[in-house]
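Scope of the values below: all heavy atoms of this structure, side chains included, with no hydrogens, waters or symmetry mates. Residue numbers run from 1 in the order of the sequence given. All ligand and atom numbering here is 1-based and tracks the order in the structure.
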Amino acid sequence: MRPPALLRAAVSGVRDLEAFALPQRCPGCGQPAEPERLLCGSCCEHVPVLSFALCARCLVRGREPVGCGRHPQAQVWPALVYDERAALLVHALKYGGRPGLADALAERLARALPAALAADLVTAVPLHPARRRERGYNQAWELAVGLAGRLGVPALEDVLVRVRHTPAQAQLDPERRRRNLAGAFQVREPQRYRERKVLIVDDVLTTGATLEACLGTLAGAGARTVGAVLAWAQ
Ligand SMILES: [Zn+2]
Ligand SMILES: [Zn+2]
């Protein structure tokens, strides 16, 4: 049986008070930390920062992803190296229990982007609608909103839709993973994005297959595309 609304509100009020009253500990080292940053200042500083673009297309095909000039529509800017501390950040972001964390991480993402990027709008790699309902939260979209605010451009959630659920990606080799994702995304209103520069955000870049599929789908609709990810898992 569900507890009555008043009781639920009281319980959540107590939780808020606890979060306020108890000292926040950094999961990286146990030292006190600001809740909205998750990690303490020292752990934050130790996550290696990146400041160059990768090519998602070359990454997916197992070629050198740094310094490619041939696939400008597949350029992706990572902010951090996906080390143990970055993994703690991404995990906390994914499960959404930290108000303010997405915004603090969006600030780090904004710092990784070149000043001349000139995006017209920001969007995120979408979750499949069923997955989104189950989770209630798309961490990439939370980052996209914070980033768009900093860039002073709109964030639009439904630029891309995931029309096919693509389970069990992790077990596939990169080439099968790429084929598995072909046609998984569609542009909802393609005519709206022609010649517009669209920045697509994701949390972690691993094989690059998902982000490459999103960039390629949108570029196919005539948009100029660029990607940004919080962390690169090399
Ligand atoms: Zn720490
Ligand atoms: Zn390339």
Find the distance between [atom1] ([X]) and [atom2] ([Y]) and round it off to the nearest 0.5 Å.
| X | Y | atom1 | atom2 | answer |
| --- | --- | --- | --- | --- |
| Y95 | R135 | OH | CZ | 5.0 Å |
| T206 | W232 | OG1 | CH2 | 11.0 Å |
| E34 | C26 | CD | SG | 11.5 Å |

Can you tell me if, anywhere in C44, an N/O/S atom lies at a distance from the Zn ion (ligand 1) that is smaller than 2.8 Å?
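So C44 does not count as coordinating the Zn ion (ligand 1).
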
Just one of L230, V229, N138, D103 clears the side-chain contact (heavy atoms from CB on, under 4.5 Å) bar with L143, so which one?
L230

How wide is the angle at the Zn ion (ligand 1) spanned by C43 SG and C29 SG, rounded to 10 degrees?
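The two atoms subtend 110° at the Zn ion (ligand 1).
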
Which atom name would you report as the N, O or S atom of H71 nearest the Zn ion (ligand 2)?
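Looking only at N, O and S atoms of H71, the one nearest the Zn ion (ligand 2) is named ND1.
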
How wide is the angle at the Zn ion (ligand 2) between SG of C68 and SG of C55, to the nearest 10°?
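Result: 110°, to 10°.
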
